[in-house]
A.B. asks: 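Below is the structure I would like to discuss, written out as structure tokens.
Everything quoted here is computed from the prediction, not taken from an experiment.
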Amino acid sequence: AFVKAILSAIPIHQLLALAPPKKTIRALEKIQRGFLWAGRAEANGGHCHVNWQRVARPLPLGGLGVRDLGRTSLALRTRWLWFSCTDITREWAGLDLQFTAEERAFFFASTTMQIGNGTEALFWEDRWIGGRSVCEIAPLLYACIP
């Protein structure tokens with residue numbers, strides 16, 4: 001448990017606010033592998049005893065529960081998007097966080113919006129019509145709105 005916590009703690013803080021390139025995530029996972037298997041920054045060849053994807057599985061699925069940094073990054077960044085839509089009182093509400101097209105697509109495919117009384121949902125931009133927004137369905141109409 002201690003090794004798992006150490007392997008994940010430092011990258012998690014960075015992944016909360018940043019969307020690192022896949023190359024960076026691979027480099028971080030390489031360091032994690034080296035630390036787990038050899039106690040140093042690199043482990044190659046015979047030092048890696050189990051496939052890393054198996055190590056990154058949850059315990060009930062036969063893994064060690066070490067977090068998959070790519071999936072964890074996507075989950076954490078999607079959570080930022082969720083909080084920005086549901087809780088404007090959070091400390092980061094005023095931050096201009098940048099999200100990739102992949103992160104936004106995953107978020108919108110995973111969530112729905114209900115209009116309710118209209119105080120929180122954005123009628124034109126939020127995806128409340130079968131997962132699509134009015135501005136996507138009727139871009140010419142949207143262009144006419146001041």
Side-chain angles (χ1 to χ4, degrees), residues 1-37 41-44 48-146:
F2 180 69
V3 171
K4 183 171 69 172
I6 297 301
L7 289 176
S8 299
I10 296 171
I12 294 297
H13 288 285
Q14 300 298 319
L15 297 175
L16 279 169
L18 305 172
K22 291 183 191 293
K23 182 178 179 179
T24 302
I25 289 178
R26 284 194 304 271
L28 288 170
E29 287 178 342
K30 183 176 181 180
I31 293 168
Q32 288 179 323
R33 280 194 310 272
F35 180 76
L36 180 64
W37 298 127
E42 290 188 28
N44 298 314
C48 300
H49 304 290
V50 180
N51 179 295
W52 189 252
Q53 289 160 338
R54 179 166 290 181
V55 170
R57 289 181 188 167
L59 292 171
L61 298 178
L64 296 179
V66 175
R67 294 185 187 271
D68 177 304
L69 294 180
R71 289 188 179 128
T72 302
S73 175
L74 179 60
L76 291 170
R77 306 250 322 135
T78 304
R79 189 168 186 247
W80 280 99
L81 278 168
W82 173 255
F83 282 139
S84 69
C85 290
T86 60
D87 189 357
I88 58 171
T89 63
R90 296 268 178 159
E91 292 79 14
W92 56 78
L95 296 178
D96 183 26
L97 297 172
Q98 302 298 313
F99 298 97
T100 66
E102 178 188 49
E103 291 165 343
R104 287 187 180 281
F106 179 74
F107 176 76
F108 290 128
S110 305
T111 59
T112 59
M113 176 67 72
Q114 292 182 346
I115 294 297
N117 64 6
T119 59
E120 294 180 14
L122 300 174
F123 179 82
W124 297 101
E125 286 88 14
D126 282 340
R127 297 171 180 230
W128 57 274
I129 307 172
R132 298 180 67 200
S133 66
V134 175
C135 68
E136 292 174 332
I137 295 170
L140 297 176
L141 175 62
Y142 180 72
C144 296
I145 304 303

A.B. asks: I'd like to check F106 versus T100 (side-chain heavy atoms, cut-off strictly below 4.5 Å). Are they in contact?
C.D. replies: no

A.B. asks: Pair Y142, E136 - check side-chain hydrogen bond (donor to acceptor under 3.5 Å, both in side chains), show working.
C.D. replies: CA-CA 8 Å; Y142 180 72; E136 292 174 332; over 6 Å; no

A.B. asks: Atom CZ in R54, atom CG in L61: separation rounded to 0.5 Å?
C.D. replies: 11.0 Å

A.B. asks: Output the distance between atom NZ (K22) and atom CG (L69), rounded to the nearest 0.5 Å.
C.D. replies: 12.5 Å

A.B. asks: So does W82 have more than 12 non-hydrogen atoms from other groups sitting under 6.0 Å from CH2?
C.D. replies: no

A.B. asks: Identify, with sequence neighbours excluded, every residue that meets side chain to side chain contact (heavy atoms under 4.5 Å, CB included) alongside F99.
C.D. replies: R77, W80, L81, L97, E103, R104

A.B. asks: Show the nearest heavy-atom pair for residues F123 and V134, with the distance to one decimal.
C.D. replies: O-CG2, 3.6 Å

A.B. asks: If I compare all heavy atoms of D68 with all of G70, which pair ends up nearest, and what's the gap?
C.D. replies: OD1-N, 3.0 Å

